[in-house]
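First the structure, in the form of structure tokens, and then the observations on it.
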Amino acid sequence: MRRSNGALMPLALSATLLLAATGCGGADTGGDGEILVAAWDTGPGADPLETAAAEFEKANPGVDVTVKKTPYVQYSQTLRRQLSGNRVPDVARMLLGYGDAGNVLVLADKGLITDLSGSPWTKLITGPGAAVTDKDGKTYALPVDSTSIGVFHDPETFEKRGLRVPRTFGDVLAICRETKGTGTAAFALGAQQGSAMGRWAVFALAASTVFADDPRAGERRRKGEITFAGTPGWRRAVERFATMKDEGCFGEDATGVSQEAAARSFGLGKSLMAIAPTATLPLFTGGDPEARPAMFAFPGGDDAAAVRVPSAPVSGLAVPAKARNARLARAFLDFYAENRVRYSEIDDSVPGLPASEDDPGVPEYAAALAPYLTAGRTAPIMDQNWPNPEVGTRLDSGIGKLLLGDRTPEGVLKEMDSAWTPTAP
């Protein structure tokens, strides 16, 4: 499946029963019933979850699906309160992995989420998906949409400047040296407080420096077997970020630039590239309908064969342990999984479950990432394995201090280690 550029969320089986009128898979729900679906508000764009709810009702006469939305910034706290209240939702949209008190594996550890291991779609979950949905051989969520971190660029601009897509980290530095002093930055970078762009860059580097050699590095860190500061690959990743700064890869005063302003600089052609997740395309097109950026894999090392792409499902659907209608809720998840490719087209997201064995379902602009995804040359989205959001906050602030010359790479990693907790909140 290939799709043209379109709007994205900021950071979405075989059928035995078919609904001829709509072409949607039906579900054996066994009669009437109702389910309540809790979800964060995705904004003014179309939300595939609402389409799925309407189509599930149509495929199953007598069934009523209510989608109750909460603003994103309030959602995690609201959901945790609901899970301990009198009206527990039957289905809940959740961020996957660890990282925050409302993420699915944190809640699964507390016994608040239903084991979905018997569902037919679980066999389609690949390694990166299993890392954020599974624990102790049990599956706790249907992955709905995925994201991959790569490099946005304008192919026409590259051609006009005689530039080639870099295949090694040395190639990256060569472009930085070539553009230094020209008034155009090689990479857009906003490192103002609240920006994630520095984090994305370090993740892109660590994919090749850490996870190419040790695919289990995230799991090992979570178990306390290794630390950030004590892992050579993590040191190389942050050191290479510092090298990029020293070689002039980023614009001046990145610490005073917001994420939005840095994205505008890319859209205006004041920077050639931007390291970011696929789901952030609208941020970098700057509202320009004529913009046609494409992506390539960021080469974090000097061996092209060792390049890895951070990629994983980021959100999914789960069934709370105290759901009143768990049977119907699971049928809804099965229905969504069956129609996942069509639902991903609604918001131009990447399906959380691959479209097929040979096609991860990436949009057209990210087609260059597809071979990495299908070959399993991926790394996790690293903060999904971290037990609390403070670890990422320390990385963000440490990057800002590094850019100002006030922190060494080792100091950044030690601060991240100091925020680590033995278990998730």
Side-chain angles (χ1 to χ4, degrees), residues 9-11 40 72-73 75-76 94-109 127-135 141 143 145-150 191 193-211 214-224 226-229 231 233-234 237-238 241 259 275-280 298 300 308-316 352 378-400 402 409 412-425:
M9 288 175 58
L11 286 173
W40 59 74
Y72 182 80
V73 295
Y75 182 72
S76 178
M94 295 186 186
L95 292 176
L96 302 180
Y98 289 94
D100 187 74
N103 286 28
V104 68
L105 291 185
V106 177
L107 296 173
D109 284 347
V132 294
T133 62
D134 294 11
K135 185 166 183 179
D145 55 25
S146 294
T147 195
S148 301
I149 297 176
Q193 185 175 0
S195 172
M197 295 184 77
R199 186 188 304 201
W200 297 336
V202 171
F203 286 1
L205 285 157
S208 300
T209 64
V210 178
F211 291 87
D214 186 2
R216 292 184 57 250
E219 177 186 351
R220 292 178 63 214
R221 181 64 188 92
R222 194 171 66 247
K223 292 180 177 180
I226 60 175
T227 63
F228 293 115
T231 302
W234 273 107
V238 183
F241 180 87
Q259 182 169 291
I275 303 170
T278 50
T280 61
F298 182 85
R308 298 291 184 270
V309 172
S311 182
V314 291
S315 70
T378 61
I381 305 294
M382 290 128 211
D383 52 6
Q384 289 183 303
N385 286 309
W386 298 350
N388 63 71
E390 182 61 22
V391 181
T393 299
R394 297 286 180 89
L395 173 58
D396 296 340
S397 63
I399 288 169
L402 186 151
V412 173
L413 297 171
K414 285 184 175 180
E415 288 188 3
M416 293 168 63
D417 284 325
S418 71
W420 196 269
T421 51
T423 59

For the pair [X] (side chain) and [Y] (backbone), establish whether a donor and an acceptor sit closer than 3.5 Å, ignoring hydrogens and angles.
X	Y	result
Gln384	Pro313	yes
Ser195	Met197	yes
Ser148	Thr278	no
Gln259	Ala196	yes
Asn385	Glu219	no

Which pair of non-hydrogen atoms, one from [X] and one from [Y], has the smallest distance, and what is that distance?
X	Y	value
Glu390	Ala419	CG-CB, 3.7 Å
Val412	Gly398	CG2-O, 3.5 Å
Val104	Val132	CG1-O, 3.6 Å
Ala229	Lys414	CB-CG, 3.8 Å
Phe211	Gly218	CE2-N, 3.4 Å
Pro143	Thr133	CG-CG2, 3.8 Å

Residue pair Thr280, Trp200: steps toward the side-chain contact (heavy atoms from CB on, under 4.5 Å) verdict: CA-CA 11 Å; Thr280 61; Trp200 297 336; 3.9 Å; yes

With [X] via side chain to side chain donor-acceptor pair (under 3.5 Å) - residues at least two apart:
X	value
Arg308	none
Ser76	Arg80, Asp100
Glu415	Arg407
Ser418	Arg394

Trp386 ring center near Phe203 ring center (under 6.0 Å): yes

Would you compute the distance between atom [atom1] of [X] and atom [atom2] of [Y] and round it to the nearest 0.5 angstrom?
X	Y	atom1	atom2	result
Leu107	Met94	CG	CE	5.0 Å
Leu95	Asn103	CG	CG	5.0 Å
Ile226	Asp417	CD1	CG	9.5 Å

Listed partners of Arg220 passing salt bridge (Lys or Arg N to Asp or Glu O under 4.0 Å), at least two apart: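 Partners of Arg220 by the salt bridge (Lys or Arg N to Asp or Glu O under 4.0 Å) criterion, ordered by chain and then number, come out as Asp214, Glu225.
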
side-chain contact (heavy atoms from CB on, under 4.5 Å) assessment of Ile149 paired with Ile275: CA-CA 7 Å; Ile149 297 176; Ile275 303 170; 4.0 Å; yes

Given Arg221, Lys223, Arg222, the one that forms side-chain contact (heavy atoms from CB on, under 4.5 Å) with Arg216: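 Between Arg216 and the candidates, side-chain contact (heavy atoms from CB on, under 4.5 Å) is satisfied uniquely by Lys223.
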
Val391 vs Leu395 side-chain heavy atoms within contact, under 4.5 Å: no

Student check: side-chain heavy atoms of Asp109 and Tyr98 closer than 4.5 Å: yes

Listed partners of Val210 passing side chain to side chain contact (heavy atoms under 4.5 Å, CB included), at least two apart: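 So Val210 forms a side chain to side chain contact (heavy atoms under 4.5 Å, CB included) with Ala206, Ala217, Trp234.
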
